[in-house]
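Scroll down for the structure; my scribbles are underneath it.
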Number of protein chains: 2
Amino acid sequence: MDGRTGRGNDGPNYVEATQKSIGVLRFLKENGPATLSKIAEETDSAKSTVYRHLRTLEDAGYLVETDDGYRIGQLYLDYGIEAQRSHPLYDAAKPKVDALAEKVGEKVWLVVEENGYAVYLYMQSGEELYRSFTRVGYRGHLHAFSAGKAILAQLSKNEVNAILDRRGLPAYTEETITDRDALFAELDRTRQRGYALHLEEAVDGGNAISVPIQREDGSPIGSICVAGPAHRLNESYLRSELSDLLLGTKNEIELSMRYEA
Amino acid sequence: MDGRTGRGNDGPNYVEATQKSIGVLRFLKENGPATLSKIAEETDSAKSTVYRHLRTLEDAGYLVETDDGYRIGQLYLDYGIEAQRSHPLYDAAKPKVDALAEKVGEKVWLVVEENGYAVYLYMQSGEELYRSFTRVGYRGHLHAFSAGKAILAQLSKNEVNAILDRRGLPAYTEETITDRDALFAELDRTRQRGYALHLEEAVDGGNAISVPIQREDGSPIGSICVAGPAHRLNESYLRSELSDLLLGTKNEIELSMRYEA
DNA sequence: TACAAAAGTTTCACTCTCGCGAACACACTC
DNA sequence: GAGTGTGTTCGCGAGAGTGAAACTTTTGTA
């Protein structure tokens, strides 16, 4: 009931104190280290309130206090690696991703959907030359990357619409598809040919190709993606050789999930 | 009513709702996926209470709901990689750690102190054969690892005691030093010779050597550590060749921090 | 060194949130 | 269709969380 205009997303089903703590952490993650006063100002909270949140979060390891203020703690790294390693797809896909990266000499990504975002769970690079837009842990919109489109293409129209309602269709570059109908047409093409392409949509000068990893019922659990500079990964190479290699790896991973889990 | 009878101001300056959320997350991290009922039981909370926390945490990306219950979300990976990369020591130390790993053909670790724990911030391996006890993100007690002892040896006795009071001296193996006086004697030796040794204390069959990374005032900001199987990293090799290599790398990192930051 | 200004910490009263228990809905098994 | 296990909603009261202000410490500056 602060100065907030009624339309709050905060129904009775949320814990507001937790949301406030989370907001402090998000601010620090996005803006780097900050002092108590700065945080209080930016989050529109009283200093005393922020003070108690900081104490609580520091005690738990979510924060550390350093010379230049509070910063997010390495506890996130501990939890994050644990989350990565224990993801249902990780063990099955990692060796196949490694092998593919070795063979094609480009970066190969393992991507999963979570909370309506594409999450880059793992990467192996054949050669460490190309500096990519993403990094392990990166969360981006599904519609803006080939890895995300490969996943969306295996969902029902209702499921896709639910995600789009939740996260929107922001433009990452001028090439990003921001229209729903155009996106659904693209997803149709993707589903038909079995792989998704990404031609300088989100990353200038970078191309990519992705195929979904699916459960036995067809629902997508993630995707694998080969990405690199456009001059090396030109469209004909993607469509001919790389698509076959990726579809082969997809099959290996799906078999591995089925019989080794 | 009187109003002020029970107002205990001795109550800690913490946000209890946040602590409850954090407790749920810790339970899931340590025990793997769990259902609402299971979490409520294990954390001694009402189902309705846990329900609201789960909703809040899922909305923020800290959790996801899957077939086998709630699990911690990949948002931790996003924050964790960000925390790793933005650590003051990371940029300066990473290239030197990589170079050292290449040269000696063993795993080289970058370790920092945080919240009274040793945190394994980064690792590079010359050859991927030896399966180590730790992993990136791992948090362990400072007294139980050579990397931690290298850090402790550069702190004042008061600072060390404060950490020991906070985290205790649990035994990781039978060789772990669990007595304060014995630890201080070991830290004296470590400080004198400039490096810390770890001879099968915490990891059976595994040896390690560590040197601190220090600020200009001498205070430790972290340490670097070479670890591997005892038969390859025998004591004389550690003390002669490896110690010199590590001390050289230490100097490079400290210079890099000083003049490139 | 002294002083001012800003940052951090503690206090305190008020109010709304949080947590609980109970009721409810829904999916399973037998 | 009774029974047991989920997850969800409801309503209430206690007390936790909040902000304003007082207070203390640190930082910056003259």
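Every value quoted in this text rests on a predicted model; they were computed, and no experiment measured them. In the text below, chain A, chain B and the rest are named by the order of the sequence lines, each starting its count at 1. Values below: all heavy atoms of this structure, side chains included; hydrogens, waters and symmetry mates excluded.
The side chain of B/Lys47 approaches D/dT8 more closely than any other nucleotide in the set D/dG17, C/dC18, D/dT8. Nearest nucleotide to the B/Leu36 side chain, out of D/dG7, C/dC18, D/dT18: D/dG7. Of the listed nucleotides (D/dT8, D/dT18, C/dA7), D/dT18 has the atom at the smallest distance from the side chain of A/His53. For A/Ala46, counting side-chain heavy atoms from C-beta on, the closest listed nucleotide (D/dG17, D/dG19, C/dG19) is D/dG19. Across C/dG19, D/dT8, C/dT10, the shortest atom-to-atom separation from the side chain of A/Tyr51 is found for C/dT10.
For B/Tyr79 and A/Tyr79, the gap between ring centers reaches or exceeds 6.0 Å.
Using modelled atom types and a 3.5 Å distance limit, the side chains of A/Lys20 and A/Thr49 yield no donor-acceptor pair.
The distance from atom CD of B/Glu41 to atom P of D/dG7 is 12 Å, rounded to the nearest whole Å. When rounded to the nearest whole Å, the span between CD of A/Glu42 and P of C/dA7 equals 13 Å. Taking atom CZ of residue B/Arg52 and atom C1' of nucleotide D/dT9, one finds them 12 Å apart after rounding to whole Å. Between the CZ atom of A/Arg55 and the P atom of C/dG8 there is a distance of 12 Å, given to the nearest Å. Counting to the nearest Å, the C1' atom of C/dG19 and the CD atom of B/Gln19 are 15 Å from each other. One can place CG of B/Asp67 at 17 Å from P of D/dT6, the figure rounded to the nearest angstrom. Rounded to whole angstrom, the span from the OH atom of A/Tyr70 across to the C1' atom of C/dT9 amounts to 10 Å. Across the protein-nucleic acid pair, A/Glu16 atom CD and D/dG19 atom P stand 11 Å apart, rounded to whole Å.
Salt-bridge check for B/Arg180 with B/Asp165: passed, with a basic side-chain N closer than 4.0 Å to an acidic carboxylate O. We find that B/Glu186 and B/Arg189 are joined by a salt bridge, their nearest charged nitrogen and carboxylate oxygen being less than 4.0 Å apart. Between A/Glu65 and A/Arg55, none of the side-chain N atoms (NZ, or NE/NH1/NH2) sits under 4.0 Å from a carboxylate O, so this pair counts as no salt bridge.
Distances shown here put every side-chain N or O of A/Ser48 at or beyond 4.0 Å from the OP1 or OP2 atom of C/dT10. Close to D/dG7, at under 4.0 Å from its OP1 or OP2, lies a side-chain N or O of B/Ser37. In this structure, B/Asn13 reaches the C/dT10 phosphate: one of its side-chain N or O atoms is under 4.0 Å from OP1 or OP2.
Take the nearest nucleotide of DNA chain C for A/Thr18 and for A/Glu65: the residue whose nucleotide is more 5' is A/Glu65.
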